[in-house]
Amino acid sequence: RITIPNPAGTWRLVGSPYCPIARVDICPSCAAPPVLFGYRDGYFIPDTLIPGEAYWYRGTGTLELDCLATGQPSAMEELGTTTTPLHRLLISDEAGGTMTLSFADGEPAETPRGLHTLPPVPPDPAFDARFESESSVEYFTAETDASRMGIRIRNARGNLLVRYFGKPVSVGWYSIEIEDASDDVRRLQLADGSPVVVPAGARIRLVRSPGSEAPAVFRVTGVYPNPFNPVTSIGYELPAPATVSLSILNVAGQELDRPLAGVEMPAGRHAFAYDAGRFPSGVYFFTLTARSPDPRQAGRHSGKFILLK
């Protein structure tokens, strides 16, 4: 059995023998919610403590763990229990650094203050992503400034890939706002499972846009970034469900790749992250086709992008 006192309630670095843990067993008498984090390419909530690894612990009491107990519920499952559905942002860089941030509309009344505060920022060159509040979970409330939440990214290597998982109230309800080094601002709408590419060094914010209207016509909304290396996002809108195909061509019109071939997609705003890493630098073209029983909702659009390695 492990006993670690922490009366000050500050973050404390601890180690342990092999020990499965349960969220309900971590300091049940603490005045503030205790949290335990490990780090592997990004902070995570462990369900097992591994010998030789260090963990951040915060609580205003004594950490007591019975490492011989079996059949304990997962720490991640216990921490994730909430009456408010959470949306997730999976943020990763080109070197494998990964963090998951969560958010929702309206904060549950029973949420203790500081429950989701992250441990101290890891030292360079470790990757880290968190809301500006230093939390891994945030809520849009009436007090949220202009329905925007800043996200701090540290030590990202290369471009970022932001993937959203959730069911927004309506199409275009959430967006990622990207501000690049030249202070140009671009807003890309989030759709369930669709990734957004963020150029290296850009600042990002999560934006809520209630009342966004559904797309009226099928169209390509742009390629970003462009030029790119080696991943870019091709944005498009579907006013109705459609069968989508995407072809990549060279300057001679020869098809080099078909990353989407007759994929059924729902109505809404989408972004497809295309990786051109196997091609040399140059000018390329794409053709995006949507087929639908309603000919007014179908069509074909082409565009150009530049790969610079």
Side-chain angles (χ1 to χ4, degrees), residues 11 13 15 35-56 74-77 79-80 86-103 116-132 134-138 149-166 176 178-181 188 190-206 223-234 257 259 271-281 307-309:
W11 287 106
L13 204 59
V35 180
L36 201 63
F37 281 91
Y39 186 92
R40 292 175 192 154
D41 298 320
Y43 280 120
F44 70 98
I45 302 170
D47 55 13
T48 302
L49 303 186
I50 305 298
E53 296 190 359
Y55 301 88
W56 282 109
S74 162
M76 180 67 79
E77 291 174 354
L79 187 61
L86 293 177
H87 306 264
R88 292 187 296 126
L89 293 177
L90 181 62
I91 304 175
S92 57
D93 69 2
E94 294 180 4
T98 303
M99 287 284 289
T100 298
L101 304 181
S102 302
F103 64 95
H116 301 291
T117 300
L118 286 166
V121 175
D124 295 342
F127 173 77
D128 185 70
R130 60 184 64 197
F131 289 110
E132 289 184 346
E134 302 295 325
S135 176
S136 62
V137 180
E138 270 293 1
M149 295 179 183
I151 298 175
R152 292 175 180 166
I153 306 295
R154 294 176 176 87
N155 299 321
R157 287 146 290 185
N159 295 335
L160 288 176
L161 198 63
V162 180
R163 191 179 295 271
Y164 164 72
F165 298 94
I176 286 290
I178 303 170
E179 183 177 351
D180 62 23
L188 300 177
L190 297 173
D192 186 34
S194 296
V196 168
V197 179
V198 179
R203 297 180 292 273
I204 61 175
R205 291 175 286 270
L206 175 65
V223 179
Y224 188 77
N226 189 18
F228 68 99
N229 177 30
V231 181
T232 189
S233 288
I234 302 172
D257 194 10
F272 181 77
Y274 183 67
D275 188 341
R278 61 192 177 98
F279 298 131
S281 296
L307 174 61
L308 291 180
K309 291 188 172 180

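Index from 1, following the sequence.
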CZ of Phe44 to CG of Leu36: how many Å apart, nearest 0.5 Å? 9.0 Å
Partner residues of Asn229 under the side-chain hydrogen bond (donor to acceptor under 3.5 Å, both in side chains) criterion, sequence neighbours left out: none
Holding to side chain to side chain contact (heavy atoms under 4.5 Å, CB included), I want the full list of residues that pass it with Asp41, two or more places apart in sequence or in another chain. none
Val196 side chain near Ile178 side chain, heavy-atom distance below 4.5 Å: yes
First locate atom CG of Leu118, then atom CH2 of Trp11, and finally report the distance between them rounded to the nearest 0.5 Å. 7.0 Å
Is there a side-chain contact between Tyr224 and Pro199 (heavy atoms, below 4.5 Å)? yes
Beyond-backbone contact of Ile151 with Val162, side-chain heavy atoms, under 4.5 angstrom: no
Is there a donor-acceptor contact under 3.5 Å from the side chain of Ser135 to the main chain of His116? yes
Scan Thr98, Leu161, Ile153 and name whichever one has a side-chain contact (heavy atoms from CB on, under 4.5 Å) with Ile91. Ile153
What are the two closest non-hydrogen atoms of Ala273 and Val231, and how far apart are they? CB-CG1, 4.2 Å
Going by the rule salt bridge (Lys or Arg N to Asp or Glu O under 4.0 Å), which residues pair with Glu179 if we only count those two or more places apart in sequence or in a different chain? Arg203, Arg205
Show me the pairs that pass salt bridge (charged side-chain N to carboxylate O under 4.0 Å, His left out) and involve residues 116-127, at least two apart or across chains. none
Is any side-chain heavy atom of Phe103 less than 4.5 Å from a side-chain heavy atom of Leu86? no
Hey, are the side chains of Val121 and Arg152 touching, using non-hydrogen atoms and a 4.5 Å cut-off? no
For the atom pair CG (Leu13) and OH (Tyr55), what is the distance rounded to the nearest 0.5 Å? 11.0 Å
Quick one: side chain to side chain contact (heavy atoms under 4.5 Å, CB included) partners of Asp93, sequence neighbours excluded? Ala95, Phe127, Ala156, Arg157, Leu160
Between the side chain of Glu94 and the main-chain N/O of Asn159, is any donor-acceptor distance below 3.5 Å? yes
Go through the structure and list residues passing side chain to side chain contact (heavy atoms under 4.5 Å, CB included) with Val223, not counting sequence neighbours. Asn226, Thr232, Ile234, Phe286, Phe305
Calculate, to the nearest 0.5 Å, the distance between atoms CD1 and CG belonging to Ile204 and Leu89 respectively. 8.0 Å
Taking side chain to side chain contact (heavy atoms under 4.5 Å, CB included) as the test, write out the residues that go with Pro122, two or more places apart. Tyr39, Tyr43, Ala126, Asp128, Arg130
List for me each residue that meets side-chain hydrogen bond (donor to acceptor under 3.5 Å, both in side chains) alongside Arg163, sequence neighbours excluded, and say none if there are none. none
In chain order, what residues pass the salt bridge (Lys or Arg N to Asp or Glu O under 4.0 Å) check against Asp257, with sequence neighbours excluded? Arg278
Shortest non-hydrogen separation from Ala200 to Gly158 and the atoms involved: CB-O, 3.5 Å
Taking the side chain as C-beta and beyond, is there a heavy-atom pair between Val197 and Pro225 under 4.5 Å? yes
In sequence, state the C-alpha distance, the side-chain angles, and the governing distance for Phe228 and Leu308, and then conclude on side chain to side chain contact (heavy atoms under 4.5 Å, CB included). CA-CA 6 Å; Phe228 68 99; Leu308 291 180; over 6 Å; no
Who passes side-chain hydrogen bond (donor to acceptor under 3.5 Å, both in side chains) against Glu132, sequence neighbours left out? none
Rounding to 0.5 Å, atoms CZ (Phe165) and NE2 (His87) come to a distance of 13.5 Å
What residues form a side-chain hydrogen bond (donor to acceptor under 3.5 Å, both in side chains) with Arg154, not counting sequence neighbours? none
As an exercise, state the distance from CD1 of Ile176 to CG of Leu206, rounded to the nearest 0.5 Å. 5.0 Å
Salt bridge (Lys or Arg N to Asp or Glu O under 4.0 Å) partners for Glu53, two or more places apart: Arg40
Please find the pair of heavy atoms, one from Phe279 and one from Lys309, that lie closest to each other, and give the distance. O-NZ, 2.6 Å
How close do Pro280 and Leu307 get, heavy atom to heavy atom, and via which atoms? O-CD2, 3.4 Å
